[in-house]
Amino acid sequence: MYGLWKPRVLGAWKVPAAGPVIFAVNHSHNIDGPMVMGVCPRPVHFLIKKEAFIGPLDPFLTGIGQLKVDRAAADRTAITRALGVLQNGGALGIFPEGTRGEGDFASLRAGLAYFAVRGGAPIVPVAVLGSSERRGRLIKALPPLRSRVDVVFGEPFDAGDGSGRRTRRALDEATERIQKQLTEHLESARRLTGR
């Protein structure tokens, strides 16, 4: 990432050095996930749509520990593997909106709350800014080479209410808390970076 763009990483010191953690990343461009993987202070295993695992990307993504997920159904294999990452004290990366969009955390899916509550892991909000501002001249699908991309790590927080409940209502309440925290982090990151 440092060879192609100019990442500016802010708040990396807030990331817990050990133990299970979930990185909740906004997603407005294809390079957001690779950018976070490239600058994150810990190795991270992202849940990535199975459609990305094609051709030579399949063994590469699998080899670097990324997790294939079928977004069309409840993918038990992906869920088990993701929970395994957390149980082993690893870092799980999730795009909580489920797909690329505006990158504003406006429409969260319940998966993030489920993993946070079930895995007992704190969530670190991550804002990737600048990846979708302009298109490159040589490769239109990528940001201009050597352009600045900001990656802002936020304060870790717990999604659960401390009761240990895993009911549908508890997950809905956790999703509301998560959305509030992620939205506040994104606004703070925009002020901090001037984007």
note = Value for CD (E187) from CZ (R191), rounded to nearest 0.5 Å, stands at 6.5 Å
query = Between K180 and E184, does a salt bridge (charged side-chain N to carboxylate O under 4.0 Å, His left out) hold up when you go through it step by step?
reply = CA-CA 6 Å; K180 181 177 184 291; E184 288 174 2; 2.8 Å; yes
message = What I'd like to find out is whether the side chain of I22 reaches to under 4.5 Å of the side chain of L86, using heavy atoms alone.
response = yes
task = Find out whether L112 and L182 are in side-chain contact, i.e. whether some heavy atom of one side chain is under 4.5 Å from a heavy atom of the other.
result = yes
Main-chain N/O of V152 paired to H185 side chain as donor or acceptor, under 3.5 Å = yes
ask   = salt bridge (Lys or Arg N to Asp or Glu O under 4.0 Å) with D70: which of K50, K49, R76?
value = K50
task = Assess whether side chain to side chain contact (heavy atoms under 4.5 Å, CB included) is satisfied between L83 and F115, documenting all intermediate values.
result = CA-CA 7 Å; L83 288 172; F115 287 118; 3.8 Å; yes
message = Could you check whether E173 pairs with R169 (Lys NZ or Arg NE/NH1/NH2 to Asp/Glu carboxylate O, under 4.0 Å)?
response = yes
message = Over 60° means perpendicular and under 30° means parallel, so tell me whether F23 and F153 are parallel, tilted or perpendicular.
response = perpendicular
Same apolar cluster (I L V M F W Y, side chains within < 4.5 Å links), V126/L192 = no
query = With a cut-off of 6.0 Å (strictly less than), are more than 12 heavy atoms of other residues, nucleotides or ligands near CZ of R146?
reply = yes
ask   = So do L10 and V151 actually touch side chain to side chain, heavy atoms under 4.5 Å?
value = no
key: Those residues that, when tested against D58, pass side chain to side chain donor-acceptor pair (under 3.5 Å) (two or more places apart)   = T62
ask   = Where do V85 and L67 land on the side chain to side chain contact (heavy atoms under 4.5 Å, CB included) test, with the steps shown first?
value = CA-CA 10 Å; V85 166; L67 308 172; 4.2 Å; yes
key: Pair F157-I178, side chain to side chain contact (heavy atoms under 4.5 Å, CB included): steps then yes or no   = CA-CA 9 Å; F157 67 92; I178 291 168; 4.1 Å; yes
query = Does any non-hydrogen side-chain atom of Y114 lie less than 4.5 Å from one of I79?
reply = yes
message = Between R195 (side chain only) and R190 (backbone N and O only), is there a donor and an acceptor less than 3.5 Å apart?
response = no
ask   = Is the shortest heavy-atom distance from the side chain of L92 to the side chain of V44 under 4.5 Å?
value = no
query = Closest approach of P7 and V39, non-hydrogen atoms and distance?
reply = CB-CG1, 3.9 Å
ask   = For Q179, does its backbone N or O pair with a side-chain atom of Q181 as donor and acceptor, under 3.5 Å?
value = no
ask   = Where is the tightest heavy-atom contact between A91 and R42, given as atom of each residue plus distance?
value = N-NH2, 4.1 Å
task = Mind listing the closest non-hydrogen atom pair of P125 and E155 along with its distance?
result = CD-O, 3.3 Å
request  = Look only at the side chain of N88 and the backbone of G90, and say whether a donor-acceptor pair between them is shorter than 3.5 Å.
outcome  = no
note = When rounded to the nearest 0.5 Å, the distance separating NZ of K68 from OG1 of T77 is 10.5 Å
query = Among pairs that include at least one residue of residues 1-16, which meet side-chain hydrogen bond (donor to acceptor under 3.5 Å, both in side chains), considering only residues two or more places apart or in two chains?
reply = R8-D150
request  = Identify the heavy atoms of P156 and P122 that sit nearest to each other, and give their distance.
outcome  = CB-CB, 4.2 Å
query = Would the number of heavy atoms belonging to other residues, nucleotides or ligands and lying under 6.0 Å from CZ of R81 be above 12?
reply = no
Exercise: identify the closest heavy-atom pair between A127 and A189 = CB-CB, 3.7 Å
ask   = Quick one: does L47's side chain get under 4.5 Å of F95's, heavy atoms only?
value = no
ask   = Hey, is the main chain of G65 close enough, under 3.5 Å, to the side chain of H45 for a donor-acceptor pair?
value = yes
Heavy-atom check, side chain of Q66 versus side chain of M37, under 4.5 Å = yes
query = If you group Ile, Leu, Val, Met, Phe, Trp and Tyr by side-chain heavy-atom gaps below 4.5 Å, do L4 and V9 land in one group?
reply = yes
message = Holding to side chain to side chain donor-acceptor pair (under 3.5 Å), I want the full list of residues that pass it with S188, two or more places apart in sequence or in another chain.
response = none
